[in-house]
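First comes the structure, then the notes that go with it.
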2 protein chains.
Amino acid sequence: MNIGLLLFIPSREVENRILAAVVAAGFEITQAQARVLMRVGPDGTRLTELAEAAQVTKQTAGFLVDQMEKVGYVERVPDPTDGRARLVRVTGKAKEAVPVANAEMARIEAEWEQHIGRRRMAQLREALEMLGEITDPYR
Amino acid sequence: MNIGLLLFIPSREVENRILAAVVAAGFEITQAQARVLMRVGPDGTRLTELAEAAQVTKQTAGFLVDQMEKVGYVERVPDPTDGRARLVRVTGKAKEAVPVANAEMARIEAEWEQHIGRRRMAQLREALEMLGEITDPYR
DNA sequence: TTGTTCTAGTCAGATTCTCTGATTAAAGTA
DNA sequence: TACTTTAATCAGAGAATCTGACTAGAACAA
């Protein structure tokens with residue numbers, strides 16, 4: 001079976017479940033917004049970088065950041081090192097969602113480990129980490 | 001690092017590259033259409049099943065099948081076992097894209113194997129196949 | 001057989017996401 | 001200074017997706 005599909009299925013499972021958990025906890029956020037939000041670094045990240053990391057155009061990233069800014073999940077602050085740029089930063093409000101997401105993620109990982117075993121789970125993660133080195137445009 | 005993201009990145013890489021290869025070969029198809037098309041079985045598949053497998057609503061699946069039908073990649077035939085249903089079938093025209101997609105997939109897998117090694121590649125596939133058992137709504 | 005309920009698919013309408021192309025302002029460079 | 005590049009935004013359009021309502025056939029219960 002096609003490894004692209006094999007990757008896609010659990011990837012979507014994780015996305016769906018984490019989003020559902022976060023939304024159930026009262027946060028108003030969409031999948032597309034979350035994909036961008038996930039890529040915001042601890043000290044803020046430029047829009048252009050976000051766009052590249054999330055693999056969308058700057059316009060799309062800007063659109064999603066606009067929405068998240070409106071509901072207060074991110075803020076834009078001037079970049080002190082470059083007058084043209086602004087840094088997108090995650091606010092405290094959005095950070096409250098992190099433990100919710102982590103809890104659901106832990107639940108999923110536990111289920112998976114239950115099914116495929118601890119050894120294979122570790123191998124899966126190792127292989128994926130390495131693949132990230134050549135496929136993640138963020139690095 | 002979040003395993004959802006770790007899965008998402010290479011998954012999108014595969015999608016992007018296969019789509020690009022197929023489009024470059026002269027086929028007019030989109031990512032969303034391809035995701036549905038991939039799930040059509042050898043003897044045809046009902047729209048409802050396609051929707052479930054591709055994790056979209058019936059309306060969305062219908063919309064995408066309409067488009068693919070217009071350009072001749074699929075056809076709808078009555079389901080002999082159920083007067084309400086119709087089977088979506090892949091046409092010969094669309095099947096011509098399969099070797100193109102397979103070739104690109106092979107190229108990607110070779111690159112990956114180059115980077116992570118044959119053993120890890122096999123472990124990755126094994127783990128993903130097993131995960132599919134509990135996460136693939138098609139099965 | 002005859003209702004009643006369920007299922008497959010479609011229609012209508014709206015929202016969300018995403019893109020291409022053009023523009024502005026600040027940096028970098030010759 | 002003048003030219004080129006870069007970060008971000010504006011404007012407009014197209015693609016993908018959804019919710020809700022509907023039709024026709026199937027399944028089932030009395």
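Chain naming here is simple, since letters A, B, ... match the order of the sequence lines and numbering starts at 1 in each.
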First and last nucleotide of DNA chain C in contact with chain A, 5' to 3', at under 4.0 Å to a heavy atom: what are they?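 Extent of the interface on DNA chain C: C/dC17 to C/dA27.
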Looking at residues 51-87 of chain A, who's got a heavy atom less than 4.0 Å off DNA chain C?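 Those residues whose heavy atoms fall under 4.0 Å from DNA chain C, taken from residues 51-87 of chain A in numerical order, are A/V56, A/T57, A/Q59, A/T60, A/F63, A/L64, A/Q67, A/D82, A/G83, A/R84.
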So which of residues 21-46 of chain A are in contact with DNA chain C, with a heavy-atom cut-off of under 4.0 Å?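 The stretch gives A/T30, A/A32 as the residues lying under 4.0 Å from the strand, ordered by number.
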With a 4.5 Å heavy-atom cut-off, do [X] and [Y] have their side chains touching?
{"X": "B/F27", "Y": "B/Y73", "result": "yes"}
{"X": "B/I116", "Y": "A/E126", "result": "no"}
{"X": "A/H115", "Y": "A/M121", "result": "no"}
{"X": "A/R35", "Y": "B/L5", "result": "no"}
{"X": "B/L50", "Y": "B/V65", "result": "yes"}
{"X": "B/I29", "Y": "B/Q67", "result": "no"}
{"X": "A/E75", "Y": "A/V88", "result": "no"}
{"X": "A/Q55", "Y": "B/E13", "result": "no"}

For residues [X] and [Y]: do they belong to one hydrophobic cluster (side chain heavy atoms under 4.5 Å, members Ile, Leu, Val, Met, Phe, Trp, Tyr)?
{"X": "A/L7", "Y": "B/I9", "answer": "yes"}
{"X": "A/L19", "Y": "A/V56", "answer": "no"}
{"X": "A/V74", "Y": "A/V77", "answer": "no"}
{"X": "B/I18", "Y": "B/W112", "answer": "yes"}
{"X": "A/L124", "Y": "A/I108", "answer": "yes"}

Need the bend value for the helix from C/dT1-D/dA30 to C/dA30-D/dT1: angle between end axes, 5 pairs each end, nearest 10°.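 That helix has its two terminal axes inclined by roughly 30°.
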Applying side chain to side chain contact (heavy atoms under 4.5 Å, CB included), can you list everything that pairs with A/N102, at least two apart in sequence or on another chain?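 In terms of side chain to side chain contact (heavy atoms under 4.5 Å, CB included), with neighbours along the sequence ignored, A/N102 is linked to A/V98.
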Check whether any side-chain N or O of B/T45 sits under 3.5 Å from a backbone N or O of B/G41 as a donor-acceptor pair, and report yes or no.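 Pair found, side chain donor or acceptor close to backbone of B/G41.
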Can you pull the contact range of chain B along DNA chain D, 5' to 3', using atoms under 4.0 angstrom from its heavy atoms?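 Contact boundaries, 5' end first: D/dA16 to D/dA26.
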